[in-house]
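Report on the structure given below.
Numbers for residues simply follow the sequence, beginning at 1. Remember, predicted model here, so these are calculated numbers, not experimental data.
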Amino acid sequence: MICVCKEHMKKGLTVLNCPHVLLINKYELRKCSFCKQRASYKLFYSLPYYDRSEKKRMEKI
């Protein structure tokens with residue numbers, strides 16, 4: 001997972017080549033992996049564990 005600011009979103013997507021993007025909430029203090037400014041997005045390869053378990057729970061309903 002990498003965190004990126006709005007200016008480095010395109011660069012992050014090309015570096016990771018990943019389809020998963022999450023908006024970072026205003027209480028998380030994450031730094032951009034490229035410029036060390038405050039990050040706005042998390043880029044990652046697969047869904048976090050808590051999202052997968054929630055998805056499975058919803059499929060059972």
Take Leu13 and Val21 through the side-chain contact (heavy atoms from CB on, under 4.5 Å) test and state the conclusion after the steps. CA-CA 9 Å; Leu13 287 172; Val21 178; 4.1 Å; yes
Mind checking whether Leu22 and Tyr41 have side chains closer than 4.5 Å, heavy atoms only? no
I need the full list of side chain to side chain donor-acceptor pair (under 3.5 Å) pairs touching residues 2-13, with sequence neighbours left out, sorted by first then second residue. none
Is there a chain of hydrophobic side chains (I, L, V, M, F, W, Y, each step under 4.5 Å between heavy atoms) that links Leu43 to Leu29? no
Donor-acceptor pairs under 3.5 Å, side chain of residues 31-39 to any protein atom, not counting sequence neighbours: which ones?
| unit_1 | atom_1 | unit_2 | atom_2 | d |
| --- | --- | --- | --- | --- |
| Ser33 | OG | Cys3 | N | 3.4 |
| Ser33 | OG | Cys3 | O | 3.2 |
| Arg38 | NH2 | Lys26 | O | 2.5 |

To the nearest 0.5 Å, what is the distance between CD1 on Ile2 and NZ on Lys42? 13.0 Å
